[in-house]
Amino acid sequence: MSKKRSAAELTVHSGPHLTIEWYWNPRNEMPGLDSYLGLDEDTQARFLASISLLSETRRGEQVSTTLVKVEHKKPLILAVKAIKSRFPCFHATGAKIVITGRYIKHGEKLDKRGERAIRDALAAREDYLLRNNDGVYYRRGEKK
């Protein structure tokens with residue numbers, strides 16, 4: 001069971017060119033954060049190093065494929081690498097990357113779990129765009 005999360009936990013890393021955030025689903029859960037917290041220290045450190053370098057990438061620059069891999073071209077879904085873990089993510093409005101979850105890479109090709117994680121990232125992207133356009137994604141828990 002996923003833990004209920006708040007806006008205070010949203011930002012993973014803020015760099016000079018990009019801010020990296022966890023995807024915050026409609027149930028107030030952050031599946032990527034839950035997965036990250038379950039990792040060993042080495043994998044967590046590798047993930048943080050990868051997103052730190054990603055956040056320093058200027059718009060239009062190529063990111064090293066040792067850190068990030070394109071998993072889906074249209075719309076663009078990337079996977080941040082951390083040892084065998086992969087964290088699917090997408091570009092959001094402004095200079096943001098939103099991390100949706102995690103899967104384990106077992107070989108060169110994407111297996112069924114990886115494919116499902118990419119489908120989940122695509123669905124999360126659509127949800128994010130819809131709720132962000134409606135102005136409710138970042139305003140949860142506020143009294144109306």
Side-chain angles (χ1 to χ4, degrees), residues 1-134 136-141:
M1 170 126 173
S2 295
K3 180 180 174 183
K4 300 290 183 200
R5 301 291 180 174
S6 70
E9 299 169 287
L10 194 59
T11 301
V12 182
H13 181 78
S14 231
H17 301 290
L18 286 170
T19 297
I20 317 291
E21 294 183 349
W22 299 113
Y23 168 66
W24 197 9
N25 72 25
R27 295 177 305 281
N28 288 332
E29 301 163 341
M30 295 178 188
L33 175 56
D34 291 335
S35 292
Y36 167 79
L37 293 173
L39 297 173
D40 62 78
E41 287 182 22
D42 288 340
T43 306
Q44 284 183 354
R46 182 76 60 93
F47 170 74
L48 292 175
S50 292
I51 63 162
S52 177
L53 289 170
L54 179 60
S55 75
E56 295 173 7
T57 305
R58 293 179 194 270
R59 187 174 207 100
E61 285 183 348
Q62 184 74 22
V63 181
S64 170
T65 57
T66 59
L67 303 174
V68 177
K69 182 176 189 248
V70 173
E71 293 289 13
H72 192 274
K73 290 191 180 189
K74 285 193 177 187
L76 184 63
I77 301 293
L78 303 172
V80 176
K81 298 177 180 182
I83 305 179
K84 289 189 175 191
S85 291
R86 302 292 185 266
F87 289 84
C89 58
F90 59 88
H91 285 277
T93 52
K96 290 183 187 168
I97 298 274
V98 178
I99 297 173
T100 61
R102 178 180 143 276
Y103 66 96
I104 303 295
K105 183 77 175 205
H106 292 287
E108 278 300 307
K109 289 186 141 190
L110 215 53
D111 64 10
K112 290 183 191 243
R113 285 183 220 156
E115 289 172 357
R116 185 175 61 240
I118 300 309
R119 283 193 308 272
D120 290 348
L122 289 164
R125 179 184 175 275
E126 290 304 312
D127 173 65
Y128 171 89
L129 293 173
L130 180 67
R131 289 189 294 129
N132 196 43
N133 287 340
D134 290 344
V136 297
Y137 186 82
Y138 292 103
R139 292 187 318 171
R140 286 184 253 192

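Only this structure's heavy atoms are used, side chains among them; waters, hydrogens and symmetry mates stay out. Worth saying up front: this structure is predicted, and the values here are computed from it rather than measured.
Heavy atoms of other residues, nucleotides or ligands lying less than 6.0 angstrom from CZ of Arg5 number more than 12. Crowding of Glu61 atom CD: a count of heavy atoms from other residues, nucleotides or ligands under 6.0 Å exceeding 12.
For the pair Leu10 and Trp24, the minimum side-chain heavy-atom distance is below 4.5 Å. Side-chain contact check for Pro26 versus Arg131: some heavy-atom pair is nearer than 4.5 Å. Proximity of Glu71 to Ile118: side-chain heavy atoms (C-beta onward) are separated by under 4.5 Å at one or more points. Considering only heavy atoms from C-beta on, Glu21 comes within 4.5 Å of Tyr138 through its side chain.
Within the structure, ring pair (Phe, Tyr, Trp, His ring centres under 6.0 Å) contacts touching residues 88-117 (residues at least two apart or in different chains) are Phe90-Tyr128. Applying the ring pair (Phe, Tyr, Trp, His ring centres under 6.0 Å) test to pairs two or more places apart or on separate chains, those with a residue in residues 65-89 are Phe47-Phe87.
Here the shortest heavy-atom pairing between Ala79 and Arg86 reads CB-CB, 4.1 Å. For the pair His13 and Ile51, the tightest heavy-atom approach, listed with the atom from each and the gap, is CB-CD1, 3.7 Å. Heavy atoms only, all atoms of each residue included: Lys105 and Gly107 are closest at CE-O, 2.6 Å. The two atoms that bring Gly101 and Pro88 nearest to each other are O-CD, 3.4 Å, heavy atoms only. Here the shortest heavy-atom pairing between Leu54 and Val68 reads CD1-CG2, 4.2 Å. Scanning all heavy atoms of the two residues, the minimum distance from Glu9 to Met30 falls at O-SD, 3.8 Å.
Remark: Glu29 CD to Tyr23 OH distance equals 10.0 Å, nearest 0.5 Å. Atoms NZ and CG, from Lys69 and Leu110 in turn, are 6.5 Å apart once rounded to the nearest 0.5 Å. Atoms CG and CG, on Asp134 and Leu130 in that order, are 5.0 Å from each other to the nearest 0.5 Å. Considering CG of Asp40 and CZ of Arg46, their distance stands at 10.5 Å, rounded to 0.5 Å. The CG atom of Leu48 lies 11.0 Å from the OG1 atom of Thr43; values are rounded to the nearest 0.5 Å. Atoms CG and OG1, on Leu78 and Thr100 in that order, are 10.5 Å from each other to the nearest 0.5 Å.
Side-chain contact of Asp127 with Tyr137: a donor-acceptor pair under 3.5 Å is absent, judged by distance alone. At a cut-off of 3.5 Å, with distance as the only test, a side-chain donor of Thr19 or Ser14 sits close to an acceptor on the other residue. Side-chain N/O atoms of Thr93 and Asn132 include a donor and acceptor closer than 3.5 Å.
Of the charged side-chain nitrogens involved, none lies within less than 4.0 Å of a carboxylate oxygen, so that Asp34 and Arg102 do not count as a salt-bridged pair. Salt bridge annotation for Arg113-Glu115: absent, with no cationic side-chain nitrogen under 4.0 angstrom from a carboxylate oxygen.
When atom types are taken as modelled, the side chain of Thr57 and the backbone of Leu53 share a donor-acceptor pair closer than 3.5 angstrom.
Listed by chain and number, the residues in a salt bridge (charged side-chain N to carboxylate O under 4.0 Å, His left out) with Glu56 amount to none (sequence neighbours excluded).
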Run the side chain to side chain contact (heavy atoms under 4.5 Å, CB included) check on Arg27 and Lys4 step by step: do they pass?
-> CA-CA 7 Å; Arg27 295 177 305 281; Lys4 300 290 183 200; 4.2 Å; yes
List the steps and the verdict of side chain to side chain contact (heavy atoms under 4.5 Å, CB included) for Val80 and Cys89.
-> CA-CA 7 Å; Val80 176; Cys89 58; 3.9 Å; yes
